[in-house]
Number of protein chains: 2
Amino acid sequence: MDSKIVGLRSKLEIYKAGSGGGNIADCPVRDVIQGISNKWSSLLMMALAEKPYRFGELRRLVPDISQRMLTQTLHDLQRDGYVHREVFPTKPPSVEYSLTDLGRSMFGPLHQLLQWAELNHGAVRDARNAFDATES
Amino acid sequence: MDSKIVGLRSKLEIYKAGSGGGNIADCPVRDVIQGISNKWSSLLMMALAEKPYRFGELRRLVPDISQRMLTQTLHDLQRDGYVHREVFPTKPPSVEYSLTDLGRSMFGPLHQLLQWAELNHGAVRDARNAFDATES
DNA sequence: TAGTGCTGGTCTCTTTTTGAGACTCATATA
DNA sequence: TATATGAGTCTCAAAAAGAGACCAGCACTA
């Protein structure tokens, strides 16, 4: 590993880190990122960072997610260790989803990104409008 | 961890911010996040954060992206104002992609998330293994 | 007692998105 | 003449996502 001065170190090495031969295609960091870089993950993480929610509550909170994708995204987040799923023996049984410690840990940096988006969505919208105006 | 001061305010409000009636479905923050929460955006942002690259260089750098998705993702990143595209009149003409100021600004928080992934991919892998062991 | 609603899903079908790979075009080199 | 190059586009197949019906068990209502 040609790790030089930290600041000059290729940022791509983060993606390559641990992948032995340096093949960027099968890299653990990329694997982790792709688990949370999909349409619904960050939205559900944000909801659950506020407080635990039940399945139906999440569905009402995010009206445009399909039941199928809600099930699947929660399942994936649970599998990656970000979300805890607990069944309560009510009638009918209810299921509560909450963040794990790992999930809260990951939400830290994710939250920074969300705040950036909150501060800069105007700039992004302007860039889109400018781009769309010149391309046509 | 991410609690006290900011935590009293509903984190969901970031997603709702600016959407008037509070409908989470058409929210500018969500719109921005979904522009960068896809399979290839963060990977290309990371590459371009290192230095500008040409189209073919990016393709070789990320061997498992299709030419079609590379074109499209770069186009989307350019439209959102993160990436600058410059054509040089060589023969055949070459095209260089680089981050804009907005892109570099966004890469700050994104980089934090990537570093989290670098530090914690072991924990995520362990969680996956544990989950896969118990579900079967 | 039959009907209705609640829960958290699954199943199937259709539409959208992505991937694989051939093709373009003008030039340069073998 | 044949082939390579750079930056894409085009077409077709495969995968993923969306829409919406359906399921089970129990409680409440008519």
Side-chain angles (χ1 to χ4, degrees), chain A residues 23-26 30-31 33-44 47-48 51-80 83-98 131 134-136, chain B residues 23-26 30-31 33-44 47-48 51-80 83-98 131 134-136:
Chain A
N23 181 13
I24 211 172
D26 39 71
R30 195 172 140 183
D31 195 36
I33 290 296
Q34 294 200 346
I36 56 183
S37 289
N38 59 59
K39 187 167 179 182
W40 303 111
S41 293
S42 64
L43 187 48
L44 294 179
L48 295 175
K51 70 185 184 71
Y53 278 103
R54 299 223 319 269
F55 186 88
E57 291 177 317
L58 287 171
R59 203 159 80 82
R60 285 186 288 275
L61 203 58
V62 186
D64 59 341
I65 193 174
S66 68
Q67 222 161 328
R68 192 179 152 286
M69 286 315 293
L70 180 55
T71 303
Q72 186 178 309
T73 306
L74 287 170
H75 179 273
D76 293 349
L77 290 174
Q78 187 194 356
R79 189 172 101 100
D80 283 5
V83 160
H84 172 70
R85 177 181 185 271
E86 187 160 7
V87 182
F88 292 98
T90 57
K91 297 163 209 157
S94 56
V95 179
E96 188 181 87
Y97 292 91
S98 56
F131 184 87
T134 55
E135 68 157 3
S136 62
Chain B
N23 181 14
I24 212 172
D26 39 70
R30 196 173 140 182
D31 195 37
I33 290 296
Q34 293 199 347
I36 56 182
S37 288
N38 60 58
K39 188 167 179 181
W40 302 111
S41 293
S42 64
L43 187 48
L44 294 179
L48 295 175
K51 69 185 184 69
Y53 278 104
R54 299 223 320 268
F55 186 87
E57 291 177 316
L58 287 170
R59 203 159 78 83
R60 284 186 287 275
L61 204 59
V62 186
D64 58 339
I65 193 173
S66 66
Q67 224 161 325
R68 195 179 149 287
M69 286 313 294
L70 180 55
T71 303
Q72 186 177 308
T73 306
L74 287 170
H75 179 272
D76 293 349
L77 290 174
Q78 187 194 356
R79 190 173 99 100
D80 283 5
V83 161
H84 172 70
R85 176 179 184 273
E86 187 160 9
V87 182
F88 292 97
T90 56
K91 291 165 196 150
S94 56
V95 179
E96 187 181 87
Y97 292 91
S98 55
F131 185 86
T134 57
E135 69 156 3
S136 60

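Order of the sequence lines sets the chain letters (A, B, ...), proteins ahead of strands, with each chain counted from 1.
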If I take atom [atom1] in residue [X] and atom [atom2] in nucleotide [N], what distance separates them, rounded to the nearest angstrom?
{"X": "B:R54", "N": "D:dT5", "atom1": "CZ", "atom2": "P", "result": "12 Å"}
{"X": "A:L70", "N": "C:dT7", "atom1": "CG", "atom2": "C1'", "result": "14 Å"}
{"X": "B:M69", "N": "D:dA13", "atom1": "CE", "atom2": "C1'", "result": "16 Å"}
{"X": "A:R60", "N": "C:dG8", "atom1": "CZ", "atom2": "C1'", "result": "11 Å"}
{"X": "A:Q67", "N": "D:dG18", "atom1": "CD", "atom2": "C1'", "result": "12 Å"}
{"X": "A:H75", "N": "C:dG9", "atom1": "NE2", "atom2": "P", "result": "10 Å"}
{"X": "B:N38", "N": "C:dT16", "atom1": "CG", "atom2": "C1'", "result": "15 Å"}
{"X": "A:Q72", "N": "D:dG18", "atom1": "CD", "atom2": "C1'", "result": "12 Å"}

Exercise. When you match A:T71 and A:P92 each to their closest nucleotide on DNA chain C, which lands nearer the 5' end?
Worked result: A:P92
Problem set entry | Donor + acceptor pair across side chains of B:T73, B:D76 (<3.5 Å) |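 The criterion, which ignores hydrogens and geometry beyond distance, is not satisfied for B:D76 and B:T73.
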Mind checking if [X] touches a base, just sugar-phosphate, or nothing, with heavy atoms under 4.0 Å?
{"X": "B:F88", "value": "nothing"}
{"X": "B:S94", "value": "sugar-phosphate"}
{"X": "A:R59", "value": "nothing"}

Distance check: side-chain N/O of [X] vs OP1/OP2 of [N], anything under 4.0 Å?
{"X": "A:W40", "N": "D:dA16", "value": "no"}
{"X": "A:K39", "N": "D:dG18", "value": "yes"}
{"X": "B:Y97", "N": "D:dG8", "value": "yes"}
{"X": "A:K91", "N": "D:dG25", "value": "no"}
{"X": "B:R85", "N": "D:dG8", "value": "yes"}
{"X": "B:R68", "N": "D:dC12", "value": "no"}

Exercise. Could you walk me through whether B:F55 and B:L70 pass the side-chain contact (heavy atoms from CB on, under 4.5 Å) check?
Worked result: CA-CA 8 Å; B:F55 186 87; B:L70 180 55; 3.8 Å; yes
Exercise. Out of curiosity, B:Y53 OH to B:L74 CG, how far, rounded to the nearest 0.5 Å?
Worked result: 13.0 Å
Exercise. In Å, rounded to the nearest 0.5 Å, how long is the span from CD of B:E96 to CD of B:E86?
Worked result: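 Those atoms lie 7.0 Å apart.
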Problem set entry | Nearest-nucleotide comparison on DNA chain D, the residue closer to the 5′ end among A:I65 and A:P93 | A:I65
Problem set entry | B:L77 vs B:Y97 side-chain heavy atoms within contact, under 4.5 Å |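 The answer is no, as the side chains (C-beta and beyond) never meet within the 4.5 Å cut-off.
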